[in-house]
Amino acid sequence: MSIDRKAAIAAYKERKSVAGIFVVRCAATGEAWVGQAPNLDTIQNRIWFSLRQGNHTCRDLQAAWNAHGETGLSFGACERLEDEESAYVRNALLKERMLHWLAELKAEAI
């Protein structure tokens with residue numbers, strides 16, 4: 001393995017993940033779904049994968065995907081949280097902010 005490859009792998013493992021709140025919207029119906037994630041950079045891939053497989057746990061979101069496809073849905077970050085040392089504090093803050101965005105967007109929780 002080359003030194004550049006080793007350095008790239010090490011940098012990937014050391015990168016900081018950004019927790020936050022995200023929203024998935026359906027353009028055709030105007031529906032919105034809000035969720036929280038410990039890593040906003042990877043959550044869209046996880047959601048889209050489960051939707052493609054047809055087994056997402058949120059039935060309304062899966063129905064929107066089935067009816068309108070990938071191009072009918074959009075993904076966006078509502079809020080990124082500051083780096084928090086304590087997992088307990090971060091999780092409590094995620095729950096609090098998710099409730100805020102659910103009410104703000106009149107959305108369903110994922």
Side-chain angles (χ1 to χ4, degrees):
M1 191 180 313
S2 72
I3 293 173
D4 290 340
R5 182 172 164 85
K6 285 182 184 179
I9 291 171
Y12 176 79
K13 289 180 180 179
E14 292 174 9
R15 77 190 187 294
K16 299 278 185 197
S17 61
V18 177
I21 309 300
F22 63 89
V23 62
V24 177
R25 296 179 189 267
C26 178
T29 65
E31 292 176 282
W33 298 269
V34 171
Q36 61 181 351
N39 188 349
L40 283 176
D41 295 333
T42 61
I43 192 66
Q44 181 181 2
N45 287 336
R46 186 181 324 160
I47 293 171
W48 264 222
F49 178 80
S50 63
L51 289 168
R52 279 188 209 106
Q53 299 303 311
N55 61 3
H56 196 278
T57 56
C58 180
R59 296 204 186 279
D60 292 337
L61 178 56
Q62 185 67 58
W65 176 276
N66 295 343
H68 307 289
E70 183 173 352
T71 57
L73 298 179
S74 64
F75 178 91
C78 294
E79 183 173 349
R80 294 176 178 271
L81 300 182
E82 295 295 321
D83 190 25
E84 184 60 53
E85 302 242 351
S86 167
Y88 175 78
V89 172
R90 183 192 69 221
N91 291 339
L93 190 54
L94 278 171
K95 287 178 186 175
E96 176 188 320
R97 297 309 299 160
M98 184 169 160
L99 291 174
H100 165 78
W101 284 105
L102 285 169
E104 180 81 17
L105 300 174
K106 297 176 180 58
E108 183 179 341
I110 294 181

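Here the structure is a predicted model, which is why all the values come from computation and not from measurement.
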### Task
First locate atom CD of Glu96, then atom CD of Gln36, and finally report the distance between them rounded to the nearest 0.5 Å.
11.5 Å
### Single-linkage hydrophobic cluster, 4.5 Å side-chain cutoff, Trp65 and Val24 together
yes
### Query
Hey, quick one: are Phe75 and Leu102 part of the same hydrophobic cluster, counting side-chain heavy atoms closer than 4.5 Å, chains of contacts allowed?
no
### Message
Name the residue from Leu94, Leu99, Leu40 that meets the side-chain contact (heavy atoms from CB on, under 4.5 Å) definition with Ile21.
### Response
Leu94
## Note on the structure
Trp101 and Val34 have their tightest heavy-atom pair at CB-CG1, 4.1 Å
### Message
Once rounded to the nearest 0.5 Å, what's the spacing between atom CG of Leu81 and atom CZ of Arg97?
### Response
8.0 Å
### Task
Please go through Val18's hydrophobic cluster and name the other residues, only I, L, V, M, F, W, Y counting, with side-chain heavy atoms under 4.5 Å joining them.
none
### Query
Can you get from Leu61 to Val23 by hopping between Ile, Leu, Val, Met, Phe, Trp and Tyr side chains that sit under 4.5 Å apart?
no
#### Entry: Note, Arg25 side chain near Leu105 side chain (heavy atom, < 4.5 Å)
yes
### Query
Would you call Phe22 and Ile43 a side-chain contact if the rule is heavy atoms closer than 4.5 Å?
yes
Indicate every side-chain donor-acceptor pair of residues 45-57 with a distance under 3.5 Å to a residue at least two apart or in another chain.
| from | atom 1 | to | atom 2 | distance (Å) |
| --- | --- | --- | --- | --- |
| Trp48 | NE1 | Glu70 | OE2 | 3.3 |
| Ser50 | OG | Ile47 | O | 2.9 |
| His56 | ND1 | Cys58 | N | 3.0 |

## Note on the structure
Scanning both residues in full, the closest heavy-atom pair of His68 with Cys26 reads CD2-SG, 3.5 Å
